[in-house]
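Single-structure report; data block below.
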Amino acid sequence: MSAPTWLPTDPVALLALARPIAEEVAATLERSLDGDGPSVSAKSTPTDLVTELDTWAEAHITERLLSARPDDAVQGEEGAKVAGTSGITWCIDPIDGTVNFVHGIPGFCVSIAARVDGRSVAGVVVSPLHRDVFTATIGGGATRNDRPIRCATPASVARSVVGTGFGYDPDRRRRQAEVLARVLPYIADIRRAGAAALDLCSVACGRLDGYWEVGLNPWDHAAGGLIATEAGARCADLDGGAPSERFILAAPPQTWDDLAALLSEADAASV
Ligand code: IPD
Ligand code: CA
């Protein structure tokens with residue numbers, strides 16, 4: 001993806017600000033697993049969890065970003081909403097994969113993206129237990145632990161290991177399971193790793209051959225979507241438009257159309 005002709009700030013400088021903040025918060029999350037575990041409460045449904053560390057992390061990240069760049073806007077999963085004048089909006093998922101975090105399962109991460117007019121220009125995703133730091137800047141490529149990454153080159157959809165995720169609403173989950181039953185016979189295998197940002201980074205570094213999900217929020221895909229795109233994956237809505245809260249499909253360009261056709265056939269966007 002090429003950089004937009006107008007950018008209020010150098011994306012590399014934005015990444016340089018966000019990365020150490022994400023790494024510091026990720027290290028705090030990792031250390032917290034040695035304790036008694038954070039206090040947990042439920043949000044939209046009894047299975048949609050939030051911990052005291054989600055809240056702390058979002059406030060801490062917001063405070064650190066705004067103390068360096070007070071004119072920026074901020075939007076975060078746990079309610080951060082700050083208006084700005086600089087043209088940059090920070091989109092924060094303080095813990096993506098909160099259910100994994102609560103269970104001590106390694107697939108959780110900190111995700112921070114800088115966006116201009118809803119388009120991500122810099123992003124970092126830090127997975128402390130996997131020791132993975134994924135980054136990207138628009139037009140500047142993607143890295144894992146400072147090495148450039150590229151998405152996989154699967155031979156076909158039939159040979160593809162594909163990730164997906166489920167929402168928290170029980171009715172939607174039932175419909176998502178039905179779609180899964182229709183897709184599974186035609187792919188190599190399915191993974192439900194539990195953090196959308198990491199699923200997108202897994203496509204970026206070739207661990208997954210594709211990933212789709214319905215009903216994400218901007219903070220789930222803002223950083224990971226840029227990282228996947230900059231690693232050569234196609235990341236779009238089923239109609240080929242910009243990925244949105246409605247639908248996101250990230251896959252290598254060679255198999256994107258076939259995977260999209262399979263998902264359309266399975267009515268994946270209707271859930
Ligand atoms: C969730 C995770 C999960 C995805 C859900 C998200 P959270 O985010 O990314 O993998 O399937 O749609 O809501 O609640 O752990 O921040
Ligand atoms: Ca999330």
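What you see is a predicted model; the values in this text were computed from it and never measured. Indexing begins at 1, ligand by ligand and atom by atom, following the structure's order.
Numbered from 1 in the order shown, with element, the atoms of ligand 1 that lie under 4.0 Å from a heavy atom of Ile95 read 16 (O). Near Gly194, meaning under 4.0 Å from one of its heavy atoms, ligand 1 places the atoms 2 (C), 3 (C), 10 (O). Each of the following atoms of ligand 1 lies closer than 4.0 Å to a heavy atom of Leu216: 12 (O). Residue Glu213 approaches ligand 1 through these ligand atoms, each under 4.0 Å from one of its heavy atoms: 4 (C), 5 (C), 11 (O), 12 (O). For ligand 1, the atoms sitting less than 4.0 Å from at least one non-hydrogen atom of Asp93 are 16 (O), numbered in the order shown with element in parentheses. Numbered from 1 in the order shown, with element, the atoms of ligand 1 that lie under 4.0 Å from a heavy atom of Ala196 read 2 (C), 9 (O), 10 (O). In the vicinity of Glu77, heavy-atom distances shorter than 4.0 Å reach the ligand 1 atoms 14 (O), 16 (O).
The shortest distance between side-chain heavy atoms of Ile112 and Trp219 does not fall below 4.5 Å. Two residues are said to be in side-chain contact when any heavy atoms from C-beta on lie closer than 4.5 Å; Leu14 and Val121 meet this criterion. Residues Thr164 and Ile190 form a side-chain contact, since some pair of their non-hydrogen atoms from C-beta on lies under 4.5 Å apart.
Residue contacts with ligand 1 do not include Asp54, since none of its heavy atoms lies under 4.0 Å from the ligand.
Compare His221, Arg172, Arg192 by their heavy atoms: the one nearest to atom 3 (C) of ligand 1 is in Arg192.
Of the protein's non-hydrogen atoms, Tyr168 CE1, 3.5 Å is the one closest to atom 13 (O) of ligand 1. In terms of protein heavy atoms, atom 8 (O) of ligand 1 is closest to Asp96 OD1, 2.9 Å. For atom 15 (O) of ligand 1, the closest heavy atom belonging to the protein is Gly97 N, 2.7 Å. With hydrogens left out, the protein atom closest to atom 6 (C) of ligand 1 is Asp220 OD1, 4.1 Å, a heavy atom.
Checked against the Ca ion (ligand 2), the N, O or S atom of Asp220 at the shortest distance is OD1. Nearest N, O or S atom of Asp96 to the Ca ion (ligand 2): atom OD1. Nearest N/O/S atom of Asp93 relative to the Ca ion (ligand 2): this is OD2.
Here Phe166 has backbone heavy atoms under 4.0 Å from ligand 1, and that is the only part of it that gets that close. Counting heavy atoms closer than 4.0 Å to ligand 1, residue Ala195 contributes backbone atoms (N, CA, C, O) but none from C-beta onward. Contacts with ligand 1 closer than 4.0 Å are made by no heavy atom of Leu49, backbone or side chain.
Exactly one residue among Leu7, Leu15, Thr9 makes a side chain to side chain contact (heavy atoms under 4.5 Å, CB included) with Pro11. That residue is Leu7.
Checking side-chain atoms of Ser111 against main-chain N and O of Asp93 turns up no donor-acceptor pair under 3.5 Å.
Residue-to-ligand polar distances keep Gly165 apart from ligand 1: every N/O pair is separated by 3.5 Å or more.
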